[in-house]
Amino acid sequence: MIAVISAVIAVLGAVFTAVLGHRLQVQAKSRDRQDYMSRYRDALLWTAFDLQSRIYNILRGYQLDLRGRRGFTSAFLLAGTEQQALYVKRSTAFLFAEYLGWAEIFRRDLQFLDLGSNRANQQIMFTLNRISRTFGDVNSSECFRIFRTDQRAVGEIMIDPDSEPGERRCIGYAAFCAQLTAEGAFCEWTRELLDHVELAAREPDKARDRLARIQHQLIDLIDLLDAEGRRFPSAERSRFVPTE
């Protein structure tokens with residue numbers, strides 16, 4: 001009888017250990033998933049906000065141009081000093097490239113994670129995909145048209161090579177500008193972005209539709225990343241609407 005009881009206790013102990021181990025694994029995976037999302041969420045939020053803000057200023061500038069006043073790109077890129085024009089081109093190209101960099105980081109580091117039933121996490125990935133489709137939309141003009149694979153290529157060169165999976169980051173603006181003066185693949189992939197900024201300034205009709213859609217979708221992304229408005233209140237999340 002003692003032997004039987006000991007055997008039962010041993011089996012129950014093994015079952016308990018297995019169940020506990022499985023539960024701990026599930027909890028660990030859930031924590032890892034949450035850590036990845038929280039680690040990258042703020043970075044993606046800030047870059048999405050910065051990009052939509054620049055696009056908003058460009059679109060609002062088009063409206064000012066129609067009223068006989070100089071908007072952002074016309075005042076500083078077309079009619080500004082050489083230094084001002086260079087700033088507008090480089091900083092705008094950087095904001096687009098930085099966004100693509102963080103989108104690529106999300107794709108690389110989160111694609112292998114089970115996002116589970118968290119609807120917000122799923123919606124973030126869906127919205128990133130929608131923005132990617134808008135960039136590559138062939139039904140709009142060629143201005144800021146970046147095909148999906150090219151988006152990934154730009155994103156790749158923006159990832160800091162010294163960063164590790166789970167702790168990736170994008171290069172900063174100073175490093176971006178320094179790379180523009182060097183020969184190599186970086187210049188090849190960013191030259192088209194600089195050309196898009198120039199084209200958008202000189203021919204607004206070729207840029208307006210795609211930029212407006214991207215700006216609205218970036219606001220959708222911000223709403224998901226900062227649903228409670230802790231980083232950016234609703235007053236700072238304006239979707240651009242043309243005025244008469």
Side-chain angles (χ1 to χ4, degrees), residues 35-58 72-73 76-77 80-111 124 128 131-132 134-136 143-201 207 210-211 214-215 217-218 221-222 225-226 231-232 236:
D35 286 345
Y36 272 92
M37 288 301 294
S38 62
R39 194 172 297 149
Y40 292 150
R41 186 185 298 268
D42 279 354
L44 181 62
L45 171 63
W46 278 96
T47 193
F49 180 82
D50 288 343
L51 178 56
Q52 72 80 25
S53 180
R54 175 58 56 87
I55 293 174
Y56 187 97
N57 286 338
I58 291 172
F72 178 71
T73 54
F76 297 109
L77 196 158
T81 65
E82 181 178 350
Q83 184 177 5
Q84 289 171 337
L86 189 62
Y87 166 75
V88 172
K89 290 181 67 173
R90 284 182 169 182
S91 62
T92 304
F94 169 75
L95 292 174
F96 276 92
E98 184 185 38
Y99 168 79
L100 294 176
W102 278 107
E104 177 64 11
I105 288 173
F106 257 66
R107 191 203 68 82
R108 287 187 179 191
D109 284 9
L110 297 180
Q111 68 169 342
I124 289 170
L128 287 171
I131 296 172
S132 178
T134 301
F135 270 115
C143 192
F144 286 110
R145 179 193 296 158
I146 310 173
F147 293 116
R148 190 178 294 266
T149 307
D150 286 348
Q151 293 172 38
R152 291 195 54 193
V154 174
E156 288 173 10
I157 64 173
M158 287 299 294
I159 298 175
D160 189 326
D162 294 328
S163 58
E164 300 292 336
E167 298 181 354
R168 295 190 203 272
R169 59 184 179 273
C170 287
I171 62 173
Y173 181 56
F176 176 85
C177 292
Q179 289 276 26
L180 292 178
T181 63
E183 296 293 332
F186 192 94
C187 287
E188 291 295 321
W189 286 114
T190 53
R191 182 180 298 117
E192 187 174 12
L193 272 177
L194 294 167
D195 291 343
H196 285 314
V197 179
E198 180 88 25
L199 179 61
R210 193 189 309 274
L211 288 182
I214 291 174
Q215 196 267 340
Q217 290 167 358
L218 286 170
L221 180 61
I222 291 168
L225 293 169
D226 186 27
R231 298 292 189 274
F232 303 108
E236 298 183 26

What distance separates [X] [atom1] from [Y] [atom2], expressed to the nearest 0.5 Å?
{"X": "Cys177", "Y": "Leu86", "atom1": "SG", "atom2": "CG", "result": "7.5 Å"}
{"X": "Gln52", "Y": "Ile214", "atom1": "CD", "atom2": "CD1", "result": "12.5 Å"}
{"X": "Arg231", "Y": "Leu45", "atom1": "CZ", "atom2": "CG", "result": "7.0 Å"}
{"X": "Ile222", "Y": "Leu51", "atom1": "CD1", "atom2": "CG", "result": "9.0 Å"}
{"X": "Phe106", "Y": "Arg41", "atom1": "CZ", "atom2": "CZ", "result": "7.0 Å"}
{"X": "Tyr56", "Y": "Leu211", "atom1": "OH", "atom2": "CG", "result": "14.0 Å"}

For this session: Using modelled atom types only, decide if a donor and an acceptor are shared between the side chain of Gln151 and the backbone of Ile146 within a distance under 3.5 Å.
Result: yes
For this session: Kindly say whether Phe135 contributes a backbone atom to a donor-acceptor pair with the side chain of Arg210 at under 3.5 angstrom?
Result: yes
Is any side-chain heavy atom of [X] closer than 4.5 Å to a side-chain heavy atom of [Y]?
{"X": "Ser53", "Y": "Asn57", "answer": "yes"}
{"X": "Ile55", "Y": "Phe96", "answer": "yes"}
{"X": "Asp162", "Y": "Arg169", "answer": "yes"}
{"X": "Leu199", "Y": "Asp195", "answer": "no"}
{"X": "Leu193", "Y": "Phe94", "answer": "no"}

Closest approach of [X] to [Y] (non-hydrogen atoms, all atoms of both residues):
{"X": "Ile105", "Y": "Cys170", "value": "CD1-SG, 4.1 Å"}
{"X": "Ile171", "Y": "Ile157", "value": "CD1-O, 4.4 Å"}
{"X": "Met158", "Y": "Phe176", "value": "SD-CD1, 3.7 Å"}
{"X": "Gln84", "Y": "Gly80", "value": "OE1-CA, 3.2 Å"}
{"X": "Ala48", "Y": "Leu221", "value": "CB-CD2, 4.0 Å"}
{"X": "Val197", "Y": "Ala93", "value": "CG2-N, 4.0 Å"}

Problem set entry | Residues Thr92, Arg54; criterion side chain to side chain donor-acceptor pair (under 3.5 Å); working and verdict | CA-CA 7 Å; Thr92 304; Arg54 175 58 56 87; 2.7 Å; yes
For this session: Tell me, please, which residues at least two apart from Glu156 pass side-chain contact (heavy atoms from CB on, under 4.5 Å).
Result: Glu104, Arg108, Arg152
Exercise. Does Thr181 have any side-chain contact (heavy atoms from CB on, under 4.5 Å) partners at least two apart in sequence or in another chain, and if so, which?
Worked result: Arg90
Seminar exercise, completed: Sorted by chain and residue number, the ring-ring contact (aromatic ring centres under 6.0 Å, His included) partners of Tyr99 (sequence neighbours excluded) come out as none
Problem set entry | Step-by-step side-chain contact (heavy atoms from CB on, under 4.5 Å) determination, Phe49 to Glu236 | CA-CA 9 Å; Phe49 180 82; Glu236 298 183 26; 3.7 Å; yes
Exercise. For atom OH of Tyr87, is the number of surrounding heavy atoms from other residues, nucleotides or ligands below 6.0 Å larger than 12?
Worked result: no
